[in-house]
Amino acid sequence: MKLIREFYARPTLTVARDLLGQVLVHRSPQGTCAGRVVETEAYTQNDPACHAYRGKTKRNATMFGQPGQSYIYLIYGIHHCFNVVTAQEDVGEAVLIRALEPLAGVEIMKKRRNQQRDRLLCSGPARLCQALGITTALDGIDLLGDRIFLLSHPRPQKIVTTTRIGISQGKELPYRFYIGDSKYISKK
DNA sequence: CCGAGGATCATCT
DNA sequence: GATGATCCTCGGT
């Protein structure tokens with residue numbers, strides 16, 4: 001079953017934890033790819049690492065959209081990152097999907113990434129975007145539609161909480177979550 | 001295994 | 001004009 005609006009319209013830290021174990025699906029012209037979410041990070045309104053921290057801009061505008069929409073941006077001029085908008089409209093909070101366990105469309109993903117090993121296919125926010133064929137062309141898309149969506153699955157048992165990766169501010173906040181026994185985490 | 005360095009560009013100051 | 005929610009390659013150990 002597809003996750004509904006009410007799932008996303010809850011506190012961001014709750015959504016970040018509850019997204020673990022759910023399955024992200026992208027249906028593209030090249031085929032359908034899917035993976036189980038094994039690592040997430042929360043970005044909240046009073047958090048200096050959050051793109052929405054200094055208010056609405058052209059780049060982060062979709063972060064202020066309805067919960068259940070995507071927020072996708074380009075980083076380092078090369079890589080894409082995929083987020084799920086959470087909480088309420090106009091608040092500017094989101095969850096970054098940092099790693100997936102590949103489930104379907106694996107051959108398509110390997111081709112897109114020029115990477116044969118399952119272990120490195122979707123283990124990293126930019127890697128999973130490349131594998132699934134997600135770009136900023138899909139920024140702001142509604143995840144309740146049929147192009148990209150999340151399917152409801154049982155919650156995993158072992159959830160680990162740590163600080164986030166790759167940021168310079170808000171380093172001390174325990175906003176990163178991952179499935180403890182997954183081998184598809186981006187980093188220990 | 002590990003750390004350093006470079007790629008590359010839209011957005012923001 | 002500087003920067004970044006990253007990744008890959010390369011060289012040393």
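Residue numbering restarts at 1 for every chain, and letters A, B, ... go by the order of the sequence lines. Note that these values count all heavy atoms, side chains included, but never hydrogens, waters or copies made by symmetry.
- Taking the side chain as every heavy atom from C-beta outward, Leu138(A) and His26(A) approach each other to under 4.5 Å.
- Within 4.0 Å (heavy atoms only), Ala49(A) reaches at least one base atom of the nucleic acid.
- Taking the ring axis of Tyr73(A) as reference, the NZ or CZ atom of Arg59(A) stays within 45° of it and closer than 6.0 Å to the ring centre.
- The backbone N or O of Gln115(A) lies less than 3.5 Å from no partner atom in the side chain of Lys110(A), so there is not a single donor-acceptor pair.
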Check residues 76-88 of chain A and write down every donor-acceptor pair under 3.5 Å in which the side-chain atom is one partner and the other belongs to a residue at least two apart or another chain.
{"residue": "Asn83(A)", "atom": "ND2", "partner": "Tyr71(A)", "partner atom": "O", "Å": "3.1"}
{"residue": "Thr86(A)", "atom": "OG1", "partner": "Thr12(A)", "partner atom": "OG1", "Å": "2.7"}
{"residue": "Thr86(A)", "atom": "OG1", "partner": "Glu93(A)", "partner atom": "O", "Å": "3.4"}

Reading nucleotides 8-13 of chain B 5' to 3', which nucleotides get B (base under 4.0 Å from a protein heavy atom), which S (sugar-phosphate only), which -?
BB-SS-
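- In this structure a side-chain-to-backbone donor-acceptor pair under 3.5 Å is present from Lys2(A) to Gly145(A).
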Pairing annotation in dot-bracket form, given for DNA chain C with Watson-Crick or G-U pairs under 3.5 Å and | for cross-strand partners
||||.|||||||.
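- Within residues 88-99 of chain A, the residues approached by DNA chain C to less than 4.0 Å at the level of any non-hydrogen atom are Leu96(A), Arg98(A), in residue-number order.
- In this structure, Glu41(A) pairs ionically with Arg98(A), as a charged nitrogen and a carboxylate oxygen lie closer than 4.0 Å.
- A donor-acceptor contact shorter than 3.5 Å links the side chain of Ser70(A) to the backbone of Ile141(A).
- Heavy atoms only, all atoms of each residue included: Gly21(A) and Ile179(A) are closest at N-CD1, 3.8 Å.
- Taking for each of Ile167(A) and Arg127(A) the nucleotide of DNA chain C with the nearest heavy atom, the 5'-most of the two is the partner of Ile167(A).
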What donor-acceptor contacts under 3.5 angstrom involve side-chain atoms of residues 122-129 of chain A, with partners at least two apart or in another chain?
{"residue": "Ser123(A)", "atom": "OG", "partner": "Arg119(A)", "partner atom": "O", "Å": "3.0"}
{"residue": "Ser123(A)", "atom": "OG", "partner": "Arg119(A)", "partner atom": "NH1", "Å": "3.4"}
{"residue": "Ser123(A)", "atom": "OG", "partner": "Tyr184(A)", "partner atom": "O", "Å": "2.8"}
{"residue": "Arg127(A)", "atom": "NH1", "partner": "Ser123(A)", "partner atom": "O", "Å": "2.8"}

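- The pair Asp142(A)-Arg5(A) meets the salt-bridge criterion, since a charged nitrogen lies less than 4.0 angstrom from a carboxylate oxygen.
- From the 5' end on, the contacts that DNA chain C makes with chain A at under 4.0 Å to a non-hydrogen atom open and close at dG4(C) to dC8(C).
- In this structure, Arg176(A) reaches neither bases nor backbone, as no heavy-atom distance under 4.0 Å exists between it and the strands shown.
- The closest donor-acceptor contact from the side chain of Arg164(A) to the backbone of Tyr175(A) lies at 3.5 Å or more, if one exists at all.
- Listed for the Glu39(A) side chain is a donor-acceptor partner under 3.5 Å among the backbone atoms of Ser186(A).
- Arg147(A) forms no cation-pi arrangement with Phe149(A), by the criterion of a distance under 6.0 Å to the ring centre and an angle within 45° of the ring axis.
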